[in-house]
Amino acid sequence: MRIVRTVEELRALLKPERLAERTIGLVPTMGAFHAGHRSLMERAVVANDVAVVSLFVNPTQFGPSEDLGAYPRDEARDAEIAAAAGVDLLFAPPVEEVYPDGFATTVRVGGVSEPLEGAHRPGHFDGVATVVAKLLNMVGPDVAYFGQKDAQQALVIRRLVRDLNIPARIEICPIVRERDGLAMSSRNVYLGAEDRARAVALRRALTAAEQAVAAGERDAAAVSAIARTALAQHAVEPEYVALVGADTLAPIERIDGEDVLLAVAARVGPARLIDNVILSTTDGAPQTA
Ligand code: AMP
């Protein structure tokens, strides 16, 4: 696996691949790899001739009071994990390579970037959309892989590539979880033993809601109340519990027909955690009026 620091070197290495019509898959990451990242890498490796992983802790997607300084970084360990997954190229640029002096452009995606995370983390998706647009331009992949863990981010990226005619297909990969259900996240390392035990509340809340829907509950407020009760049982206070259209992120009142995203965000001790599930009533779950 090659580790590459500059856009010039990246382009020089990828040009012959593209000329030979070899497919390129890209996995954008901020490092601190876990099994969720590995699943995206493995997908990129099996489905493409060349697998590129970017490792860049993007400062523009962190708010002023967020954890940019504390964000876990261990490039040597990450490089080992990426190499073991079969990745060909690890693109790990310094901040000045991505944001050189005089950098003055922001990519802002409207609509789907506004509710949920957008409302609680002002500017976050501007930073995400800007860096992902740049990475897609730098690498020029046929396919880029993102995790359903960040469901809203996936929608923002899909909107971005459509709106800017970026010729990459976006593939969303399933959420990888710890044995007890906690969604894998680089931020889970912030959790002490007590908070780690409480953190399972997010998954429990989603499961309780899912079970209620499977049992026939269709009222969004009732489903949301069930999720909130499960969180409260672990003394977890949510930033939001939202039932929204899975493609639009528009609030819904009843779960009937269209796929619904149930998304949760909560602070558990020092960590801000998010999780989600798609509630579907179209695959055999009981349909009520
Ligand atoms: P990050 O390094 O946190 O920016 O994440 C890089 C990519 O990995 C994003 O597309 C995330 O959605 C994805 N990802 C993070 N956690 C998980 C997980 N538990 N399961 C699947 N994908 C994940």
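Indexing begins at 1, ligand by ligand and atom by atom, following the structure's order. Since this is a predicted model, take the numbers as computed values, not measurements. Sequence positions, counted from 1, serve as the residue numbers for this chain.
Under the 4.5 Å side-chain criterion, counting only non-hydrogen atoms from C-beta, V241 is in contact with L262.
Grouping Ile, Leu, Val, Met, Phe, Trp and Tyr residues whose side-chain heavy atoms lie under 4.5 Å apart, directly or via other members, places M1 in a hydrophobic cluster with I3, V27, F33, L40, M41, V45, V53, L55, I81, V87, L90, V143, Y145.
Considering only residues two or more places apart in sequence or on other chains, P59 meets the side-chain contact (heavy atoms from CB on, under 4.5 Å) condition with F56, L68, V95, Y99. Considering only residues two or more places apart in sequence or on other chains, S186 meets the side-chain contact (heavy atoms from CB on, under 4.5 Å) condition with A32, H34, H37, Y71, P72.
Taking the charged nitrogens against the carboxylate oxygens, E97 and R5 have no contact shorter than 4.0 Å, which rules out a salt bridge.
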Check ligand 1 for N or O atoms under 3.5 Å from a protein N or O and list each pair with its distance.
{"residue": "ligand 1", "atom": "2 (O)", "partner": "M30", "partner atom": "N", "Å": "2.9"}
{"residue": "ligand 1", "atom": "2 (O)", "partner": "H37", "partner atom": "NE2", "Å": "2.8"}
{"residue": "ligand 1", "atom": "5 (O)", "partner": "H37", "partner atom": "NE2", "Å": "3.4"}
{"residue": "ligand 1", "atom": "10 (O)", "partner": "G147", "partner atom": "N", "Å": "2.9"}
{"residue": "ligand 1", "atom": "12 (O)", "partner": "G147", "partner atom": "N", "Å": "3.2"}
{"residue": "ligand 1", "atom": "12 (O)", "partner": "G147", "partner atom": "O", "Å": "3.2"}
{"residue": "ligand 1", "atom": "12 (O)", "partner": "D150", "partner atom": "OD2", "Å": "2.6"}
{"residue": "ligand 1", "atom": "16 (N)", "partner": "M184", "partner atom": "O", "Å": "3.4"}
{"residue": "ligand 1", "atom": "19 (N)", "partner": "V176", "partner atom": "O", "Å": "2.9"}
{"residue": "ligand 1", "atom": "19 (N)", "partner": "M184", "partner atom": "N", "Å": "3.4"}
{"residue": "ligand 1", "atom": "19 (N)", "partner": "M184", "partner atom": "O", "Å": "2.9"}
{"residue": "ligand 1", "atom": "20 (N)", "partner": "V176", "partner atom": "N", "Å": "2.9"}

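Between T23 and D142, the shortest heavy-atom contact is CA-OD2, 3.2 Å.
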